[in-house]
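Got a structure here, written out as structure tokens. Questions coming.
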Amino acid sequence: MKYYSRLLFIIVLTASILTGQSKKLIWKAELEDNVKKIQPVLNGKYLFLSSDEYAWLYENATGKKVWNVEIDEYSDKAIHTVVNDTLYLVANEDTLVCYDMVNRSVQWKRWYKGIEQSQFSGLAQVDTLLIVSYSTLDIGISLNDGNEAWRTPIEYQRSLIEAGTVNSFLLPTLRKYFVITEKNDCVLLSMDDGKKLLSLPLSEPHGDLVKGKRAWSYISPDQTIAAFIFEKNYIVINTVLQKLVAQIPVKVSDQYNPLMPTAVGCAVIGEDRIVHLNSITGKVSQIPSKVDDLRNIIVTQTDSAAIMIVGLEDKIIGWNLDIGKIAWQTALKFQPANGFLHKFLVQDSNDVIVTYLDPSNGLRLYIMSINAPTGKINYRTLIAHADESLQKRTLPIPAIGKFTGPVLPSFGFEEIGFEYQVSVESESAVFVIRTGADMLLPNTEKPGGEGFVRVDITNGQILSKNYMKIADGVSFDGGLASIAKTMKTGNMILCPGNKNLVALDASNGSIRWMLIEQDLNGSYIFDMAMIDTVLFVRTGGSKQGFTYDAKKDKISKKMLWEEDDYLLLAVDTATGKVLWKREFEADPGQVFHGYSISQYAKGNSNLFFADEKFLYSLSLSPERKGMLSWKFEFSDSGVGSMDYEDLFQRSTSWNNEKLLTADWIEDSAFQIKKSVIAGESFTISLSRILHVEYHRQADRLLLFGDDGIASVNASTGRRNWHYEWDYDAATIHQRPVQLNGHIFYIMDGYAVVVNTESGKVVSTTKIDSESAVVIMPDNSSVLVVDSDEVTGIVIP
């Protein structure tokens, strides 16, 4: 009966479209060839499609074809692209034509002497200038009229692009650009006349860095300085003077990130030295330093100069970057420098406040103040003591593909074996040590070195402290990283630990109250939220792992860890008194997107949770003490069930999709593979298909079960509407997503749009299971491309 109902709907919809009584919701177009490129333009108002010599432009909202073109003497190697979202550049025989994207009027048409358009190799745009590369030649072309401004012989190194990096760098402010040539020359050219301003031979980008996808180039923010790590040398160029500033031999490793932008320039971390370029003064300097001895680097601007503080094993160096000389260094076996810098905390005038680690006896954590210009150690105060040695160095370090500003260096010593948090405000640093490592009370051999320390950063004096056991003994497989984070609320710091919760006074660290193992039913805390003056605590949790066998195309899953004492507690934050408890038979958030108390609480009155059979609304009011406000059964309501084994299923998503909020990213549990359909990239992932969503503004819950979809009033628990679907886990193509007040999904060969207010089907259309599905940037329509057939599904 469902098939006939769907068929009847299609007939009715088609009839209404034909009679003009309804907005056209589905349009189809058969093209002359299979689509190879899909491109929404003007924020998705129009759709540009192309396939070799053919190109088409359609209105997304109506399916009206704006224009189409067949290119004479087409070459798949020639220009065929959209510029500025409004212009269409295409090579016609040996002529370059620029069309207005919407009305297809010819803006200009130009033939360039000696140019074969099939030799096109690249395009760059700066304002109204096009730099078009043809095999061994660059031409500067005006985007306004197509006139040739200049040409210069140049051949780019294509292997760099093939390796996933770049072979050219634009300097639009200076109207210049760099090219790495096929002969390994580094060439600087003018955008105004194409002339070569500088050419450096033997400039092969460092092969290991290129292969490892690590950064090997740096352009200063004002574009006046460029630096490159080449195979044999570190090169620094003044782009204004078009002059080589420095050429220094540096050996680097691909195990870490050797290029480190600083607040005043850029440093290269070599295996036996550090080279720094001050992009403000143009000064290049270097100091000897073995990378294996490096622990941390801090660059700070003082009253007199920019100082780089280099933390080595058992030594600290202060390097004046303005003059390029060492300003100071600690003596060997100097006790206050026994160890190394770990974290930069804050700068206090010319003093830098850091955390410092001494691994000589267990592992001791200090707060230290160093005068940056002189190296004087103002104080060194012991904070914590771990009863174990330093954790081994972690290599290789993840690559940094692109720098957006100064970054902290990484040499593999960040994870030290125990955890601590520190915040600085009102001239004091507050440490919270919460870790599963074995800790000692400082200056003793007694256990229990977690807790609270507050330090005056001006003199290093401990203002207050309180040591205890918090997370000591955490033993479940999820580890401390899975437990709820430390949270500050009002004048308290809440620290979840080993089946406990410690509430500390934020000013002095004294214990305000504690929840112990008996309070928590012997479980760990995984979620906390403050609602009004009540603290809500949730215990219990689990984590699944997924693996994919590409040969068998089979997904396997297993439980990585589970703490199954599921409990919700309401706690009076003033006294720590447990006001009430509610036990759950299963994980209350298993069927929700990114479940947390704060996200699924309805104001301060209710909390939603579910199991496989029911959706519940739990009262949070003090009077009702965790009683149910309402209960909604999935099966009897037509939703079906929420079988935990079937929540996650395959779904294909367009890589340019704008729907991936934090919740959706979390619900893409496992990426299976990527594919290219109609020239666009798509990702096939395991996504949460059966689930519950909460829409706060609409006061509505949407339930997606294996029998249907239902809308439930969040206040009353009553069903607003129900929509029956033929759920089939094997035929999910597009997970249900919400577009402009509508649900869109593709399953069992049908693309369906359902109105979220009424539950009524707006449109249904049959599609091929291998089709490419593209959601427009403004969510106003969905495009389905199947070879040479295009279907537009309008979201009204």
Side-chain angles (χ1 to χ4, degrees), residues 384 386 417-423 430-439 447-453 466-506 509-531 533-543 560-584 587-589 594-601 607 609 620:
F418 72 89
E419 295 81 29
Y420 69 93
Q421 294 175 282
V422 57
S423 58
V430 174
F431 288 80
V432 177
I433 303 103
R434 186 192 69 146
T435 179
D438 293 329
M439 305 298 290
E450 298 174 88
F452 173 98
V453 183
N466 189 8
Y467 292 101
M468 66 197 80
K469 290 184 179 181
I470 300 175
D472 180 69
V474 170
S475 58
F476 82 108
D477 293 337
L480 185 62
S482 302
I483 295 175
K485 305 298 182 186
T486 297
M487 181 176 80
K488 185 177 181 182
T489 176
N491 61 352
M492 283 193 304
I493 300 173
L494 302 174
C495 303
N498 184 17
K499 300 180 181 181
N500 60 28
L501 176 62
V502 182
L504 302 175
D505 189 295
S510 62
I511 297 178
R512 300 278 292 274
W513 48 263
M514 286 184 64
L515 297 182
I516 60 176
E517 187 172 348
Q518 290 85 341
D519 297 317
L520 302 174
N521 286 17
S523 189
Y524 296 95
I525 295 174
F526 292 90
D527 187 18
M528 299 188 298
M530 282 293 302
I531 299 179
T533 60
V534 178
L535 172 69
F536 289 92
V537 173
R538 183 168 62 89
T539 71
S542 63
K543 184 175 183 180
L560 298 179
W561 57 263
E562 183 176 17
E563 282 292 310
D564 56 5
D565 290 303
Y566 296 104
L567 179 72
L568 181 72
L569 297 88
V571 182
D572 185 332
T573 54
T575 64
K577 178 182 177 182
V578 177
L579 303 175
W580 52 263
K581 293 182 181 181
R582 174 85 190 198
E583 294 186 28
F584 306 105
D587 186 344
Y595 190 78
S596 67
I597 298 170
S598 58
Q599 183 169 344
Y600 285 93
L607 175 69
F609 71 96
L620 300 179

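Everything quoted here is computed from the prediction, not taken from an experiment.
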4.5 Å side-chain heavy-atom contact, Phe609 and Arg538: no

Spacing of Asp572 atom CG and Thr533 atom OG1 [to the nearest 0.5 Å]: 6.5 Å

Exercise: identify the closest heavy-atom pair between Lys581 and Gln518: NZ-O, 3.5 Å

side-chain contact (heavy atoms from CB on, under 4.5 Å) partner of Val571, chosen from Trp580, Trp513, Phe536: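 Going through Trp580, Trp513, Phe536 one by one, the side-chain contact (heavy atoms from CB on, under 4.5 Å) with Val571 is satisfied by Trp513 alone.
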
Side-chain donor-acceptor contact under 3.5 Å, Asp565 with Tyr524: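 There is no such pair (donor and acceptor under 3.5 Å, judged by atom type) between the side chains of Asp565 and Tyr524.
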
Validation row: Ile433, Met439 side chains within 4.5 angstrom (heavy atoms): yes

Polar side-chain atom of Arg434 near backbone of Pro496 as donor-acceptor pair, under 3.5 Å: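 Yes; judged by distance alone, with no hydrogens or angles, the pair exists.
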
Test salt bridge (Lys or Arg N to Asp or Glu O under 4.0 Å) applied to Lys488 - qualifying residues, sequence neighbours left out: Glu425

Atom of Met492, atom of Ala503 and distance for their closest heavy-atom approach: SD-CB, 4.1 Å

Close side-chain approach of Asp527 to Val537, heavy-atom, < 4.5 Å: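 The answer is no, as the side chains (C-beta and beyond) never meet within the 4.5 Å cut-off.
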
Donor-acceptor under 3.5 Å (Thr573 side chain, Leu535 main chain): no

Under 3.5 Å side-chain donor-acceptor pair for Thr486 and Gln421: yes

Lys499 side-chain N/O to Ile525 backbone N/O, donor-acceptor pair under 3.5 Å: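 Judged by distance alone, no pair lies under 3.5 Å.
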
Output field: ring centroids Phe431/Phe452 closer than 6.0 Å: no

Inter-residue atom distance Phe526.CZ - Ser596.OG, 0.5 Å rounding: 15.0 Å

Leu515 versus Gly576, closest heavy-atom pair with distance: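 Looking at all heavy atoms of both residues, the closest pair is CD2-O, 3.6 Å.
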
For Val453 against Tyr467, the heavy-atom pair lying closest together: CG2-OH, 3.3 Å

Side chain to side chain contact (heavy atoms under 4.5 Å, CB included) between Glu517 and Asn500, intermediate numbers included: CA-CA 6 Å; Glu517 187 172 348; Asn500 60 28; over 6 Å; no

Sidechain-backbone polar pair: Ser598 side chain, Ala529 backbone, donor-acceptor under 3.5 Å: no

Cationic N near anionic O, under 4.0 Å, Arg512 to Asp505: yes

Reported CG-to-CG distance for the pair Leu567 and Asp519, which is rounded to 0.5 angstrom: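 The CG atom of Asp519 is 9.5 Å from CG of Leu567, to the nearest 0.5 Å.
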
Closest non-hydrogen atom pair between Ser482 and Phe476, with its separation: CB-CZ, 4.0 Å

Chi angles and distances behind the side chain to side chain contact (heavy atoms under 4.5 Å, CB included) call for Ser542, Asp564: CA-CA 8 Å; Ser542 63; Asp564 56 5; over 6 Å; no

Side chains of Met514 and Leu501 in contact at under 4.5 Å (non-hydrogen atoms):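 Heavy-atom side-chain distance check fails, nothing below 4.5 Å.
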
Sub-4.5 Å side-chain heavy-atom contact between Val432 and Val422: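 Val432 does not reach Val422 side chain to side chain.
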
Side chain to side chain contact (heavy atoms under 4.5 Å, CB included) assessment of Leu620 paired with Val534: CA-CA 9 Å; Leu620 300 179; Val534 178; over 6 Å; no

Worked verdict on Glu419 versus Thr435 for side-chain hydrogen bond (donor to acceptor under 3.5 Å, both in side chains): CA-CA 5 Å; Glu419 295 81 29; Thr435 179; 2.7 Å; yes

Closest non-hydrogen atom pair, Gly540 against Ser523: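 Closest pair (atom of Gly540, atom of Ser523, distance): N-OG, 3.6 Å.
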
Straight-line distance of Glu562 CD to Asp587 CG, nearest 0.5 Å: 8.0 Å

Nearest-0.5 Å distance, CD1 of residue Ile511 to CG of residue Leu504: 6.5 Å

From CG (Leu569) to CE (Met528), nearest 0.5 Å: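 Output value for this atom pair is 12.0 Å.
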
Evaluation steps, side-chain hydrogen bond (donor to acceptor under 3.5 Å, both in side chains), between Asn521 and Tyr566: CA-CA 9 Å; Asn521 286 17; Tyr566 296 104; over 6 Å; no

Evaluation steps, side chain to side chain contact (heavy atoms under 4.5 Å, CB included), between Asn498 and Ile470: CA-CA 6 Å; Asn498 184 17; Ile470 300 175; over 6 Å; no

